[in-house]
Amino acid sequence: MLRLLQRTPAITPETPDGALVQRAQKGESAAFKALFERHVVGVRRFLRDLLRQGDLADDATQETFARAHAQLAKLTDYDRFKPWVLGIARNVAFEARRVRQHDVLEDDDDSTPTAVIPSPDPERVLLDAELEKHFTEAMGTLSGNRRAALLMRLDHGLAYEEIAAAFGWSIPTVKNEIHRARLKLRAQLLPHLTGERT
Amino acid sequence: MSRCGRTAHLEAVALGEASPTLAAELRAHTKSCALCRHELNWLESESALFRQRAGRDEVAQLWKGVASRSGLETPPRDWPRVLVAMAAAAALVLMVGNAAPRASRSADGSPGDETLESSMLMTPAFFVEEESCSKLPSGVGFQCSPVVPASFLASR
Ligand SMILES: [Zn+2]
């Protein structure tokens with residue numbers, strides 16, 4: 001009987017997502033909870049950035065993980081829980097905002113800043129309350145999809161391939177969207193960043 | 001504006017994805033290429049902004065909502081009945097143990113070490129790992145639960 005009990009290995013910080021996904025798919029709720037605890041902070045921040053409302057983000061985070069649990073059997077690429085759950089979060093956010101996903105590529109200002117923008121000194125970048133306000137405002141000027149793509153890359157460290165898979169876009173489209181998002185963000189942040197270098 | 005073929009590789013440097021060799025080579029290149037230096041400054045500034053923002057993130061207690069929506073509050077359905085029965089038997093052992101003079105109980109209500117020591121429940125695999133509690137950033141609202149399965153506690 002003890003041998004039966006010992007079949008479930010302990011969950012540690014080193015247990016890879018892929019192993020947790022497989023165990024959760026077999027009904028081990030502790031494994032799913034471990035996935036939740038590992039990713040909830042990022043998913044919640046992602047949703048707050050998309051929805052721009054903290055209370056909506058809390059509910060959307062719970063809905064995202066509830067859907068992830070319900071659909072977990074569909075995740076066959078076990079190691080890709082993070083891009084997969086962020087993809088679900090994006091759908092939840094867009095449903096919440098009633099944004100149709102296919103029309104968002106057009107709702108951005110696609111004029112690319114052409115002037116050379118001076119660059120800030122990265123060692124002097126300090127996100128104080130004032131800068132965070134401008135940062136949030138600048139993020140808010142991006143369309144939902146463009147913002148989601150930028151966040152997945154810069155904030156959540158997803159590869160371009162993973163973002164492309166989550167969005168159903170080509171990799172060049174993802175790169176283009178993120179590039180345009182970056183340029184717009186930079187143009188808006190520059191007046192508020194110190195230590196400019198030319 | 002002229003272009004440089006290496007600019008596209010700088011993102012991997014700023015995000016820590018480039019190999020140390022490539023990163024060192026590209027950083028050396030930025031000393032002599034104004035275009036790449038300018039781009040790397042921006043990329044690293046963006047990274048700094050996102051990193052600082054992420055560092056102060058807080059999450060409300062959200063697991064309860066997920067668990068209730070997903071039906072995760074109860075023990076897993078496929079948990080072998082024999083384990084449930086064993087947990088109940090073990091609870092009986094503990095209850096007897098608690099009644100004994102040596103029985104101790106920690107401040108959070110979890111069974112004391114002395115009580116558990118003599119129990120067969122010390123089999124490591126029996127205990128549910130909850131170490132992630134202490135690894136969560138401050139403000140994450142999960143309670144570190146006692147290291148015994150929920151069904152075991154429920155049976156007490
Ligand atoms: Zn260059």
Side-chain angles (χ1 to χ4, degrees), chain A residues 1-2 4-13 26-30 32-34 36-38 40-42 44-45 54 58-59 61-70 114 116-127 131-132 135 151 153-155 157 159 182 185-186 189 193 197-198, chain B residues 1 11 14-17 34 37-54 56-60 62-80 82-83 86 120 123-133 135-137 140 142 149:
Chain A
M1 192 186 293
L2 286 177
L4 181 69
L5 292 171
Q6 283 166 338
R7 268 185 205 157
T8 304
I11 294 169
T12 72
K26 290 172 189 158
E28 190 182 335
S29 52
F32 186 75
K33 191 177 181 190
F36 170 84
E37 289 175 353
R38 204 172 274 185
V40 63
V41 174
R44 201 264 178 196
R45 189 170 68 250
D58 283 347
D59 187 61
T61 302
Q62 294 175 72
E63 177 62 19
T64 295
F65 279 97
R67 284 192 200 180
H69 183 261
T114 48
V116 177
I117 304 173
S119 57
D121 182 347
E123 288 176 16
R124 294 176 64 187
V125 168
L126 178 67
L127 188 69
L131 182 55
E132 184 161 17
F135 182 83
L151 290 165
R153 180 71 188 133
L154 284 190
D155 196 14
R182 269 194 161 118
L185 201 62
R186 289 176 186 183
L189 285 180
L193 289 172
R197 290 175 180 174
T198 51
Chain B
M1 195 166 89
E11 189 192 47
L15 297 181
E17 297 171 347
R37 188 166 62 246
H38 170 84
E39 178 65 11
L40 188 60
N41 280 341
W42 264 114
L43 292 168
E44 292 191 323
S45 297
E46 290 163 5
S47 289
L49 286 174
F50 278 103
R51 200 170 47 243
Q52 288 175 43
R53 205 174 64 113
R56 49 182 88 147
D57 236 345
E58 292 192 355
V59 177
L62 300 175
W63 172 252
K64 281 189 177 175
V66 177
S68 67
R69 290 180 204 203
S70 305
L72 286 168
E73 303 275 53
T74 50
R77 216 177 293 164
D78 59 352
W79 228 50
V82 66
L83 295 189
M86 186 182 154
M120 65 191 293
T123 306
F126 193 86
F127 293 91
V128 175
E129 287 283 337
E130 290 282 3
E131 81 295 314
S132 49
C133 290
K135 306 248 180 256
L136 289 167
V140 177
F142 303 110

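Within every chain, numbering begins at 1; the chains are lettered A, B, ... in the order of the sequence lines, protein sequences first and strands thereafter.
Between the side chain of B:Trp42 and the main chain of A:Pro118, a donor-acceptor pair closer than 3.5 Å is present. Using modelled atom types, one side-chain atom of B:Gln52 and one backbone atom of A:Val125 make a donor-acceptor pair closer than 3.5 Å.
Using a 4.5 Å cut-off on side-chain heavy atoms (C-beta onward), B:Glu46 and A:Leu189 make no contact. Residues A:Lys33 and B:Val66 fail the side-chain proximity criterion, which asks for heavy atoms closer than 4.5 Å.
Taken to the nearest 0.5 Å, the CG atom of B:Leu72 stands 12.5 Å off from the CZ atom of A:Phe65. Atom CZ of residue B:Phe50 and atom CZ of residue A:Arg153 lie 12.0 Å apart, to the nearest 0.5 angstrom. Interatomic distance, CG of B:Leu62 versus CD of A:Glu63, reported as 12.5 Å (0.5 Å rounding).
Residue B:Ser45 comes nearest to A:Pro122 through the heavy atom pair OG-CA, 3.4 Å, listed as atom of the first residue, atom of the second, then distance. Contact record, A:Gly157 with B:Glu17: O-OE2, 4.3 Å, taken as the closest heavy-atom pair.
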**Report entry** From CA spacing to verdict: side-chain contact (heavy atoms from CB on, under 4.5 Å), B:Leu49, A:Leu154
**Finding:** CA-CA 10 Å; B:Leu49 286 174; A:Leu154 284 190; over 6 Å; no
Requested in this report: Let me see the working for A:Arg182 and B:Leu43 under side-chain contact (heavy atoms from CB on, under 4.5 Å), right down to the final yes or no.
Outcome: CA-CA 9 Å; A:Arg182 269 194 161 118; B:Leu43 292 168; 3.4 Å; yes
Report task. Could you give me the CA-CA distance, side-chain angles and deciding distance for B:Arg69 and A:His69, then say whether side-chain contact (heavy atoms from CB on, under 4.5 Å) is met? Result -> CA-CA 9 Å; B:Arg69 290 180 204 203; A:His69 183 261; over 6 Å; no
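Heavy-atom distances place the side chain of A:Phe135, and not its backbone, under 4.5 Å from chain B. Both the backbone and the side chain of A:Leu126 come within contact range of chain B, each with at least one heavy atom under 4.5 Å from a heavy atom of that chain.
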